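Data first, discussion second: the structure below is written as structure tokens.
Atoms considered below: every heavy atom in the structure, side chains included; atoms not considered: hydrogens, waters and symmetry mates. Being a predicted model, the structure only gives us computed values, none of them experimental.
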Amino acid sequence: KLKTVDLLINGAGILDDTQIERTIAVNFTGTVNTTTAIMDFWDKRNGGPGGVIANICSVTGFNSIYQVPVYSASKAAALSFTTSLAKLAHITGVTVYSINPGITKTVLVHKFNSWLNVEPRVAELLLEHPTQTTLQCAQNFVKAIEANQ
């Protein structure tokens, strides 16, 4: 209906360090692949109109959760990729943001597996920290994009 897309939100993610390849594939490779696909249409060097990409990374990209190093590393990789793309905006015409939420109350954090079962209670321990609701996360997401930061 709209005939155009001007915002891509890459938000897929899993949290299960027993599924190493899948975690990397979804959290990092998926972000790279969808970003690469849209760049074919948006890149101003190809006559594209530009656009905005918002990759949902995580605060774990800056400060890992040591009990889930695969998840943390996959989000750090997504953050590094996103940061690099943001610096290419003057070449591609595509603005790129990383959104780095903290612990958000979703099914993702209620029960998950730590790497090599180093901490069977990792989900329970994580939820002892301050959290946000999905609505709060979404509202902050919109504020960040509107602030152009």
Exercise. Measure the spacing between CG of N63 and OG of S72 and express it to the nearest 0.5 Å.
Key: 8.5 Å
Practice problem: Assess the side chains of T34 and N10: does a donor N or O sit below 3.5 Å from an acceptor N or O? | Solution: yes
Quiz item: Can you name the closest pair of heavy atoms from K44 and H90 and give their distance?
Solution: NZ-O, 3.0 Å
Quiz item: Would a hydrophobic clustering, with Ile, Leu, Val, Met, Phe, Trp and Tyr connected at side-chain separations under 4.5 Å, put M39 with V52?
Solution: no
Practice problem: Output all residues satisfying salt bridge (charged side-chain N to carboxylate O under 4.0 Å, His left out) with D16, sequence neighbours left out; order by chain, then residue number. | Solution: none
Exercise. State the CG-OG1 distance between N55 and T83, to the nearest 0.5 angstrom.
Key: 9.5 Å
Self-check item: Gap between atom CG of D43 and atom CD1 of I38 - 0.5 Å precision
Solution: 11.5 Å
Practice problem: Determine, using the 4.5 Å side-chain heavy-atom cutoff (strictly less than), whether F28 and I65 are members of one ILVMFWY cluster. | Solution: no
Practice problem: Answer yes or no: is there a donor N or O on one side and an acceptor on the other, between the side chain of W42 and the main chain of I53, under 3.5 Å? | Solution: no
Self-check item: S98 side-chain N/O to N100 backbone N/O, donor-acceptor pair under 3.5 Å
Solution: no
Self-check item: Donor-acceptor pair, side chain of K75 and main chain of V70, under 3.5 angstrom
Solution: no
Quiz item: Is V68 reachable from V59 through a run of hydrophobic residues whose side-chain heavy atoms are each under 4.5 Å from the next?
Solution: no
Exercise. Check Y71 against S74 and note the closest heavy-atom contact, atom names and distance.
Key: O-OG, 2.7 Å
Quiz item: Residues two or more places apart in sequence or in another chain: which of them pass side-chain contact (heavy atoms from CB on, under 4.5 Å) with V26?
Solution: A12, I14, R22
Quiz item: When rounded to the nearest 0.5 angstrom, what is the spacing between CG in L88 and OG1 in T95?
Solution: 12.0 Å
Self-check item: Qualifying residue, where the test is side-chain contact (heavy atoms from CB on, under 4.5 Å) with C57 and the options are I99, L79, T31
Solution: L79
Practice problem: Tell me, yes or no, whether the heavy-atom count around N33 atom CG, taken from other residues, nucleotides or ligands under 6.0 Å, exceeds 12. | Solution: yes
Quiz prompt | Joint cluster assignment, V96 & V32, ILVMFWY side-chain distance < 4.5 Å | solution = yes
Quiz item: Around atom CZ of F41, are there more than 12 heavy atoms of other residues, nucleotides or ligands at under 6.0 Å?
Solution: no
Quiz item: Do F81 and I24 share a hydrophobic cluster, counting only Ile, Leu, Val, Met, Phe, Trp and Tyr and linking them when any side-chain heavy atoms are less than 4.5 Å apart?
Solution: no
Distance-only criterion, 3.5 Å: show the donor-acceptor pairs between side-chain atoms of residues 134-145 and protein atoms not counting sequence neighbours.
from : atom 1 : to   : atom 2 : distance (Å)
Q136 : OE1    : T133 : N      : 2.7
Q136 : OE1    : T133 : OG1    : 3.4
N140 : ND2    : Q136 : O      : 3.1

Quiz prompt | I9/I56 under side chain to side chain contact (heavy atoms under 4.5 Å, CB included): CA gap, chis, key distance, verdict | solution = CA-CA 7 Å; I9 299 172; I56 300 177; 4.0 Å; yes
Quiz item: What closest approach, in Å, do D40 and N46 show between heavy atoms, and which atom pair accounts for it?
Solution: O-ND2, 3.9 Å
Exercise. May I ask you to decide if S80's main-chain N or O and S84's side chain share a donor-acceptor pair within less than 3.5 Å?
Key: yes
